[in-house]
Amino acid sequence: MADAHDERVRRVAEQVRARPKGKRLTIRKAHPGHTPHDLAYKNDAHPVDVEGLDGVLAIDEAKRTATVEGQLTLGALCKATLPVGLMPKVVPEFETFTIAGLVNGLGIETSSHRHGVFPASLAALEVVLGNGDVVEATKTSHADLLSHLPGSYGTLGIVTRATLDLGEALPFVRTAYRHFTKRSEYVAAFTDALAGHEFVEGFVLGVSSYVLCTGDYAEVDAKVPVFEAMTPGLPWFYQHAEALAKKGEEDLIPTHQYMFRHQRGLLWLAGIIADLKIFSHTRLGRAYLDREVEAKVKTSGFKGNLPIEIAERSLVNQDMGIRLSRLDEGIAYVQKNLDVHPLWNCPAGGGSLGLAFATPRKMAAHPEMVVDIGIYGEPWAKGYTSFAALRALQKFVDVPSLWGVSYLTAEELREVYDFGSYEEIQTKYHAREAFVPLEQKIRFMQPKGDDLGPDRLWRLKKLWYDFKAK
């Protein structure tokens, strides 16, 4: 397997060295990307085919590590490690995410309060540089590349192999559900739970409805019911959590299914897009949407055909990193200024997030646990206009997302993040001329004409653009 891997990497390096002068590199891969970055730069770029770099090279049970190729999917990795009682320490919620994609991005999940973002578990990376050289980045060799590549979104090199630290796992995750009617009580319980549980998340369902979910690895227990979280048609996880929370109950979820419990229905976005309870509140309706979501994600990631100007006006899709000490304030801000429900609360890591470039300067200077307020839904706040509201939101947060659509300017992002250190790494590792710089990948929004509110006919327009794309 090592020889076959080396041959695949050699082919990648040859393609990189064949880059015509003046052209940038772009990756050609089987799995679609999951960010809304503008892909126009790919049209005149030199493609590098990374197909076939999708194997598990080694699982070391004693050292608790997995060495895998960059295009391996997260679902395949978990299926390989769980039978030997191990799992990645952080498992972002979609099986189709690739390891290289998560290394270049900043995946989080409900264990991030203990283990940080997904790339914080990296022990080593093999990277093809912009000049075709292949380097091994570890904490003692090329450590600056290891720490800067996360959050760079494929602009510093091509990840062909990664070694990840794993954690012990059991067959099930035992999850307890609690319901709160007061935001302050929910936030206090969320904060307390971080010290005592492997998995912590919350759902803000309304101004007087909050659900806290806490989980830990467990063996089977005949007295506790099992919820098959990935079975098509069953209640989506947030619906299931709300029902059990109001009764103060708990359950067992098979570990693999727990990790990807939000995959069906894209949390709740599929139901919002369908906009009919016959789809979101019936078993047959959810089963239909579950199949549609699975097919869509496999073929195009999270990208739709609706023009981004209409989509951004009508459907908020923002991850809002906020200090734990500001969580109450952050939820209240979204409720007042956007009126989007449900909201997802997920710990995103503490300290400096374990990253060099993608940690805001003020977070590096004053480390604190960060919580993601996932804002995925329609805004209903009175007088809402998209550009003004989302720009104000990104100025309000502690960690504005680099993966999504930016309402800050490039200059303002430079005040938040240390682009200087990123550019030093670009130069040192031959990336400046070879790869598209991050600032050219980020989709910066600017109003074209008047700043408008939501287009309530956006679903009909989505159908029209989807029809035209076929």
Side-chain angles (χ1 to χ4, degrees), residues 1-17 25 27 48 50 53 55-72 77 86 88-90 98-107 115-167 349 351-359 364 417-435 437-438:
M1 289 187 68
D3 290 343
H5 169 77
D6 290 343
E7 175 59 22
R8 289 190 286 272
V9 174
R10 185 188 64 77
R11 290 199 297 266
V12 170
E14 284 182 349
Q15 294 175 72
V16 169
R17 293 191 192 100
L25 296 168
I27 301 301
V48 176
V50 295
L53 277 166
V56 176
L57 301 176
I59 296 175
D60 190 322
E61 296 179 47
K63 293 182 179 178
R64 296 182 189 170
T65 62
T67 301
V68 302
E69 293 181 310
Q71 296 304 305
L72 182 75
L77 172 60
L86 299 170
K89 291 182 176 180
V90 176
T98 63
I99 302 307
L102 289 168
V103 169
N104 279 288
L106 299 172
H115 307 295
V117 293
F118 180 87
S121 297
L122 288 172
L125 287 177
E126 179 186 71
V127 184
V128 178
L129 304 180
N131 64 352
D133 288 350
V134 181
V135 301
E136 182 86 0
T138 69
K139 293 176 182 177
T140 58
S141 175
H142 304 296
D144 52 356
L145 181 61
L146 182 71
S147 64
H148 279 79
L149 201 144
S152 65
Y153 294 95
T155 64
L156 294 180
I158 301 172
V159 175
T160 51
R161 186 182 69 218
T163 298
L164 302 166
D165 293 327
L166 305 174
S352 65
L353 305 183
L355 307 168
F357 159 62
T359 299
Y417 295 102
D418 185 4
F419 273 82
S421 68
Y422 161 79
E423 288 165 351
E424 289 176 5
I425 299 300
Q426 269 189 310
T427 301
K428 180 178 178 180
Y429 290 101
H430 310 285
R432 184 176 292 277
E433 299 301 325
F435 297 98
L438 181 58

- prompt: Does Y422 have any side-chain contact (heavy atoms from CB on, under 4.5 Å) partners at least two apart in sequence or in another chain, and if so, which?
  reply: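 In terms of side-chain contact (heavy atoms from CB on, under 4.5 Å), with neighbours along the sequence ignored, Y422 is linked to S152, T155, L156, F357, F419, Q426, L438.
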
message: Test of understanding: with side-chain contact (heavy atoms from CB on, under 4.5 Å), list the residues that count as partners of K139, not counting sequence neighbours.
response: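 For K139 the side-chain contact (heavy atoms from CB on, under 4.5 Å) partners, ignoring immediate neighbours, are L146.
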
From [X] atom [atom1] to [Y] atom [atom2], the distance as rounded to the nearest 0.5 Å:
| X | Y | atom1 | atom2 | result |
| --- | --- | --- | --- | --- |
| H430 | I425 | NE2 | CD1 | 12.0 Å |
| T163 | I99 | OG1 | CD1 | 11.5 Å |
| L164 | T67 | CG | OG1 | 8.0 Å |
| D165 | K89 | CG | NZ | 5.0 Å |

Check: [Y] and [X] side chains under 4.5 Å, non-hydrogen atoms:
| X | Y | value |
| --- | --- | --- |
| E69 | R161 | no |
| L53 | H5 | yes |
| V9 | V128 | yes |
| V159 | N104 | yes |
| L145 | L129 | yes |

- prompt: Does the side chain of H148 come under 3.5 Å of the side chain of Y429 through a donor N or O and an acceptor N or O?
  reply: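 Result is no, nothing qualifies.
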
- prompt: Judged by atom type as modelled, is there a donor-acceptor pair below 3.5 Å linking the side chain of Q15 to the main-chain atoms of R11?
  reply: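 Confirmed, Q15 side chain pairs with R11 backbone.
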
Pair up each side-chain donor or acceptor in residues 116-125 with any protein partner under 3.5 Å, not counting sequence neighbours, and list the distances.
none

- request: Dump the intermediate steps for side chain to side chain contact (heavy atoms under 4.5 Å, CB included) on T160 and V50, then the final yes or no.
  value: CA-CA 8 Å; T160 51; V50 295; 5.9 Å; no

